[in-house]
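Structure record follows, encoded as structure tokens.
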Amino acid sequence: MEMNVSKGTVVLAYSGGLDTSCILAWLIEQGYNVITYMANIGQEEDFEAAKKKALTIGASKVVIDDVRAQFVKDFIWPAVSAGLIYESRYLLGTSLARPCISQGLVHVAQQEKAQLISHGATGKGNDQIRFELSCYALWPQVKVLAPWRIESFTKRFQGRQDLIQYAESHGIPVPVTPKKPWSMDANLMHISYESGVLEDPAKPAPDGIFHLTADPQHAPEKPCKLQINFEHGMPLSLKNLTEGGPVETDPLQMLTTLNQIGGRHGVGRTDIVENRFIGLKSRGVYETPGGTILHVAHTDLETFCLDREVLRLKTFLRDKMADYVYNGFWFSPECEFVRESIALSQRYVTGWVQVELYKGSVRVLARNSPTTLYNQNLVSMDQHGDFQPNDATGFINTHAIRLREFQRFKTQLEEGQV
């Protein structure tokens, strides 16, 4: 469908990479006044250089917004507390960043009295959904300009190779060459890689693609022991038991330190094929060192503290919330309900967990909590405590009724009696 909106001011979610740099130039070609919005969510970026590039391309204004502390406190920490993991493997680094960026994007658009918001997400991916649903939830009147769904744009640009040629012809420097045509997205939670040579799931990711983690085979021979304290399910402090140093209590510094230590020990690499919300399967390669350490530690403490049936219900809600977040529904009523329900389950998840990092692995060593349901005297094999062993006979016999009846039924079938 051809673009039929009137020309006006557009706030573009800008990364400084290939797609958004080319989109910036293209929007200006179409007659729009473009303000670029860059959210600092922990990516290694020369923001001043990116600002200079955007202004050189033709942006009327560049807004650089440091939302790192907010990203950790309002998005990553709740995700850790909820134990969010999509399809049992993906810790949702990109999915969590999009609603955080959208908040800043909407705020700037309203402040600048812009008519439109734009982004560089493709028509086949999840990010277009995440950005737009978040923006519509935060600002129902907003209008979104998505170039990768505009016919005049998609006819001109079939994919990344066309963008690279466009960038070269317009003098736009981008960190992508035909020899290494994969996409990288970084934030405090992770770095993700996709597209290009990674689109063939039968081929391993190229050597040297990883930025955040060491090759586990070349990681230090000496393991590193950490102690992580939690309060009501939220990370509270970090202590390095092997190397010493100050106890970290600031959320942003905690995650930064965990990324550094975990990355050094090769923790958090994942290469998966996942199910996109739009219905396609895609391959993603991820580095999530700090998030992986926190997930392992929190899962252990949660199991230690929670009642079995509460844990089962919470796990069900966790999987529902992981779907909501992955699919772009962070600001939806269902996600809000599940988030608050999970928070209720975390009121007793307080204590510490000690983990060991070694050549890509995270192993739990010990845990302690003042609010655990673990009763050492009751469970001990060295004393009966308040447990009466003969009570187990009735417990077993009662559960055996169903199994005996099923066996009777099968025997009747085999003998032709039914």
Side-chain angles (χ1 to χ4, degrees), residues 3 5 7-65 94 97-98 101 104-105 108-109 112 114 116-125 127-128 131 144-187 191-199 206 209 211:
M3 179 174 58
V5 296
K7 302 298 187 284
T9 298
V10 181
V11 178
L12 171 66
Y14 184 70
S15 69
L18 174 65
D19 288 41
T20 56
S21 293
C22 292
I23 287 171
L24 170 58
W26 183 84
L27 287 172
I28 294 170
E29 283 182 353
Q30 306 308 302
Y32 289 98
N33 171 49
V34 185
I35 297 171
T36 57
Y37 171 79
M38 297 188 71
N40 180 356
I41 49 175
Q43 68 272 41
E44 288 189 4
E45 181 73 58
D46 186 337
F47 289 98
E48 284 305 312
K51 179 179 180 179
K52 182 179 179 181
K53 179 165 71 172
L55 292 172
T56 300
I57 293 171
S60 62
K61 184 177 181 179
V62 177
V63 177
I64 299 174
D65 192 9
T94 300
R98 297 319 183 220
I101 295 171
L105 191 63
V108 170
E112 297 290 335
L116 296 158
I117 280 175
S118 185
H119 59 77
T122 70
K124 292 182 179 180
D127 280 344
Q128 58 178 340
F131 276 127
V144 178
L145 193 60
W148 280 112
R149 301 203 305 269
I150 296 173
E151 188 175 357
S152 59
F153 185 89
T154 57
K155 280 185 175 180
R156 186 171 184 179
F157 304 103
Q158 291 292 310
R160 299 183 65 78
Q161 294 304 318
D162 290 338
L163 290 174
I164 292 171
Q165 292 176 10
Y166 178 83
E168 290 174 347
S169 67
H170 285 71
I172 301 171
V174 289
V176 177
T177 67
K179 294 180 180 179
K180 293 185 177 181
W182 58 72
S183 174
M184 183 180 84
D185 183 74
N187 61 51
I191 299 180
S192 65
Y193 309 88
E194 63 178 5
S195 184
V197 296
L198 298 176
E199 290 178 353
I209 192 174
H211 286 66

| field | Pairwise salt bridge (Lys or Arg N to Asp or Glu O under 4.0 Å) hits with a residue in residues 27-46, at least two apart | value | E29-R156
| query | Within the distance-only criterion (no hydrogens, no angle test), does the side chain of T154 pair as donor or acceptor with the backbone N or O of E151 below 3.5 angstrom? | reply | yes
| If you look at every heavy atom in T36 and A59, which pair is closest and at what distance? | CG2-CB, 3.9 Å
| L198 vs I209, side-chain contact (heavy atoms from CB on, under 4.5 Å): CA-CA, chis, key distance, verdict | CA-CA 10 Å; L198 298 176; I209 192 174; 3.9 Å; yes
| Donor-acceptor pair, T20 side chain versus S15 backbone, under 3.5 Å? | yes
| said: Between H170 (side chain only) and E168 (backbone N and O only), is there a donor and an acceptor less than 3.5 Å apart? | reply: no
| query | For S60 and I35, which heavy atoms make the closest approach, and how far apart are they? | reply | OG-CG1, 3.6 Å
| Does the side-chain contact (heavy atoms from CB on, under 4.5 Å) test come out yes or no for F47 and V62, once each step is laid out? | CA-CA 10 Å; F47 289 98; V62 177; over 6 Å; no
| Is there a donor-acceptor contact under 3.5 Å from the side chain of Q161 to the main chain of G159? | no
| remark: side-chain hydrogen bond (donor to acceptor under 3.5 Å, both in side chains) filter on S192, not counting sequence neighbours, yields none
| message | Nearest 0.5 Å, please: how far is CD in Q43 from CG in D185? | response | 8.0 Å
| What is the distance from atom OH of Y37 to atom CG of L12, rounded to the nearest 0.5 Å? | 12.5 Å
| note | Between the CD1 atom in I28 and the CD1 atom in I23, the distance rounded to the nearest 0.5 Å is 12.0 Å
| message | Working to the nearest 0.5 angstrom, can you tell me the gap between M184 CE and L18 CG? | response | 13.0 Å
| Taking every non-hydrogen atom, the tightest pair across K155 and Q158 | O-NE2, 4.0 Å
| task | Would you confirm whether Q128, through its side chain, and G123, through its main-chain N or O, come within 3.5 Å as a donor-acceptor pair? | result | yes
| Who are the ring-ring contact (aromatic ring centres under 6.0 Å, His included) partners of F131, not counting sequence neighbours? | H119
| task | State the CZ-CG distance between R98 and N187, to the nearest 0.5 angstrom. | result | 7.5 Å
| Say you draw a straight line from OG1 of T94 to CG of D127; how long is it, rounded to the nearest 0.5 Å? | 6.5 Å
| query | Shortest non-hydrogen contact from I101 to A39? | reply | CG1-CB, 3.9 Å
| said: Please find the pair of heavy atoms, one from W182 and one from P206, that lie closest to each other, and give the distance. | reply: CZ3-CG, 3.7 Å
| request: Please test Y14 against V34 for side-chain contact (heavy atoms from CB on, under 4.5 Å), starting from the C-alpha separation and ending with a verdict. | output: CA-CA 11 Å; Y14 184 70; V34 185; over 6 Å; no
| said: Run the side-chain contact (heavy atoms from CB on, under 4.5 Å) test on F153 and C22 for me, step by step, so that the C-alpha distance in whole Å, both residues' side-chain angles and the decisive distance to 0.1 Å come before the verdict. | reply: CA-CA 11 Å; F153 185 89; C22 292; 5.9 Å; no
| field | N/O donor-acceptor pair under 3.5 Å between S118 side chain and L145 backbone | value | yes
